[in-house]
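Right, one structure below, let's go through it.
Note that these values count all heavy atoms, side chains included, but never hydrogens, waters or copies made by symmetry. Proteins come first, then strands; the chains are lettered A, B, ... in the order of their sequence lines, and each starts at number 1.
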Number of protein chains: 2
Amino acid sequence: MFSDLTDPILKSAAEMPLVPIDRQTSLGELAYASLKEAIVRGEFSAGQKLTVRAVAQALEVSTTPARDAIMRLIGEGALVNAGPKTVIVPPLTKAALDEVTAIRLVLEALAAKIAAANISPETIDRLKTLQSQINSALDAGNYSAALKANKAFHFLIYQTANMPRLTAMIESLWVRIGPSLNDLYPEFATSRVGVSNHMEAIAGLESRDAARVQAAIEKDIRDGYRRLATRVG
Amino acid sequence: MFSDLTDPILKSAAEMPLVPIDRQTSLGELAYASLKEAIVRGEFSAGQKLTVRAVAQALEVSTTPARDAIMRLIGEGALVNAGPKTVIVPPLTKAALDEVTAIRLVLEALAAKIAAANISPETIDRLKTLQSQINSALDAGNYSAALKANKAFHFLIYQTANMPRLTAMIESLWVRIGPSLNDLYPEFATSRVGVSNHMEAIAGLESRDAARVQAAIEKDIRDGYRRLATRVG
DNA sequence: ATTTGATATTTGATGCAACAAATTTGTTGC
DNA sequence: GCAACAAATTTGTTGCATCAAATATCAAAT
């Protein structure tokens, strides 16, 4: 890895294919990723309290990285303060779901629209592969894998829009409803409404029909909303 | 203050007028607010490095609150990592401005649309007051005050939508372009293009015409974009 | 039983020292 | 001048002790 950096053929830094100078892999970063994934997977029940020391002990790190992770997730809305010294996994209220859905509709529609203009055949192939993975997971009753593949499907589209800030904002919205998505099993697994929306999105991307892709994504979000709404209302 | 809490007439907690359990005023919170305001005011030149110890010393706190503030602003995109140990105020590139503007258009349009349905006469009065403050500030050549009143004007509308998560997301977008807005002086002060858009927004709110308000806000954003684009392109 | 109030425990915030890693600086060579 | 390399400095990270404040616990009273 990165052996090409010393390749004499490389003339200037401007020619380098990618320079995503992201955050380094610190303990705080790992704690954040680990805690976030646990939240999205629904490992914590809504309203459960999280303390710095408890997280630190569970992750076998000191309080500093644990505190970093918690504070960062609070900033993203994945955790909330229920009191001055009380951090909980926020229950998904109807009001929160409505608001997040309204934002998702405009943000993901925007990403889908722009993605339609930037789509490549390779990406379409990968989308089809991901969709087959979703189908396989549903067939096998592996709901967790289906959710993961579903997320990968959506974000592969959004990343195609080449708008990293937009993608990050959408991701923060997904984290807020992720835990509740896990509660939907096995309803989601049996209904499979999302499949047709995904196929429609792929068809729209293939024909570079931005409006069609946008409509498919919006319908997918609305279909998901209806299921979630029954659980929080 | 709060003497009513012991008032025997108060039957239940549900009758209490306000319980906005927000974050407490910790040093980290103050450091965050102080640093963010400094960034928005354009006190730092684009690309300027920020170190934990420098911020800590400037704010006369230890490294922990300073680090909290910096990390939080990185999470919001107000600061970025230019290297593993290098945090800078991000220069507003054309690509970033385009992306932020595209997101602002859909997010602030959404907020404006919903605000039109929730608007009250009192809020309209406050908007008119804010607009007169903007005009006064421009007359007096107080560009900083005009910017502040302009922000208050927009966010009073957005808060009317009663979508706190949406408002927070919009706020994070404003922080990213805030520094560059200050560089626009005195162009903004002389042109006054925003005034007509604001009047149009007020008129739309008064007649509860959601589409009209939305169009006015969108035009305001686009007008601002054109000015900023000349500075970053 | 439920609520109130006092007590005890837990908790986040803060400061700071130590360390590893990155950045800066200085130097040498061309 | 300028690039490459090495030394010196700076810097973020991490762990932890301490403290004030918040939360939890429990007893007493209504």
Side-chain angles (χ1 to χ4, degrees), chain A residues 2 5-8 10-14 19-35 44 47-75 79-89, chain B residues 2 5-16 19-35 44 47-75 78-89:
Chain A
F2 291 135
L5 290 182
T6 56
D7 191 331
L10 229 49
K11 300 289 167 41
S12 71
V19 265
I21 300 179
D22 274 335
R23 299 171 181 239
Q24 67 274 29
T25 58
S26 60
L27 282 182
E29 195 73 18
L30 298 176
Y32 163 76
S34 181
L35 185 54
F44 303 104
Q48 180 168 350
K49 273 179 302 198
L50 288 184
T51 66
V52 171
R53 286 170 177 83
V55 171
Q57 187 175 351
L59 298 179
E60 294 182 345
V61 294
S62 78
T63 58
T64 306
R67 186 168 170 272
D68 286 349
I70 291 178
M71 290 189 69
R72 197 161 151 195
L73 287 166
I74 290 175
L79 295 174
V80 297
N81 284 105
K85 289 195 175 185
T86 307
V87 176
I88 65 171
V89 179
Chain B
F2 292 135
L5 291 182
T6 56
D7 190 331
I9 295 182
L10 229 48
K11 298 289 166 39
S12 69
E15 295 184 30
M16 285 218 247
V19 265
I21 299 179
D22 273 335
R23 297 174 181 239
Q24 67 275 27
T25 56
S26 61
L27 282 182
E29 195 73 18
L30 297 176
Y32 163 76
S34 182
L35 185 54
F44 303 104
Q48 180 169 348
K49 273 179 304 198
L50 288 185
T51 66
V52 171
R53 285 169 177 84
V55 171
Q57 186 174 351
L59 298 178
E60 294 182 346
V61 295
S62 78
T63 58
T64 305
R67 186 167 170 271
D68 287 348
I70 290 178
M71 290 188 71
R72 197 162 152 196
L73 288 166
I74 290 175
L79 295 175
V80 297
N81 284 105
K85 290 195 175 185
T86 308
V87 176
I88 65 170
V89 179

### Query
Can you tell me how far the CG atom of A/L73 sits from the CG atom of A/D68, to the nearest 0.5 Å?
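One finds 11.0 Å between CG of A/L73 and CG of A/D68.
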### Message
Would you compute the distance between atom CG of A/N81 and atom CD1 of A/I74 and round it to the nearest 0.5 angstrom?
### Response
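Taking CG in A/N81 and CD1 in A/I74, the distance rounds to 4.5 Å.
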### Query
What are the two closest heavy atoms between A/G28 and A/A69, and how far apart are they?
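Result for this residue pair: O-CB, 4.4 Å.
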Protein-nucleotide distance ([X], atom [atom1]; [N], atom [atom2]), rounded to Å:
X	N	atom1	atom2	result
B/L79	D/dG12	CG	C1'	15 Å
B/L50	D/dT11	CG	C1'	13 Å
A/L30	D/dG12	CG	P	19 Å

### Query
Bend angle of the helix from C/dA1-D/dT30 to C/dC30-D/dG1 from five-pair axes at both ends, rounded to 10°?
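Inter-axis angle at the termini of the helix from C/dA1-D/dT30 to C/dC30-D/dG1: 30°.
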### Task
Give me the residues of residues 59-69 of chain B where at least one heavy atom lies under 4.0 Å from an atom of DNA chain D, by number, or none.
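Per residue number, the list reads B/R67.
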### Query
Crowded around B/Q57 CD? As in, over 12 foreign heavy atoms under 6.0 Å?
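Incorrect, the count does not exceed 12.
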### Task
State, yes or no, whether a side-chain contact exists between B/E29 and B/R72 at a heavy-atom distance under 4.5 Å.
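Yes - at least one pair of side-chain heavy atoms lies under 4.5 Å apart.
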### Query
If each of A/R53 and A/L27 is mapped to the nucleotide of DNA chain D with the nearest heavy atom, which maps nearer the 5' terminus, i.e. the 5' end?
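Comparing both residues, the 5'-ward one is A/L27.
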### Task
Compare the minimum distances between each of C/dT23, D/dT11, C/dT11 and the side chain of B/K85, then state the nucleotide with the smallest one.
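Selected nucleotide (nearest to the side chain): D/dT11.
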#### Entry: Distance below 4.0 Å between A/K49 side-chain N/O and D/dT23 OP1 or OP2
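No, no such contact exists.
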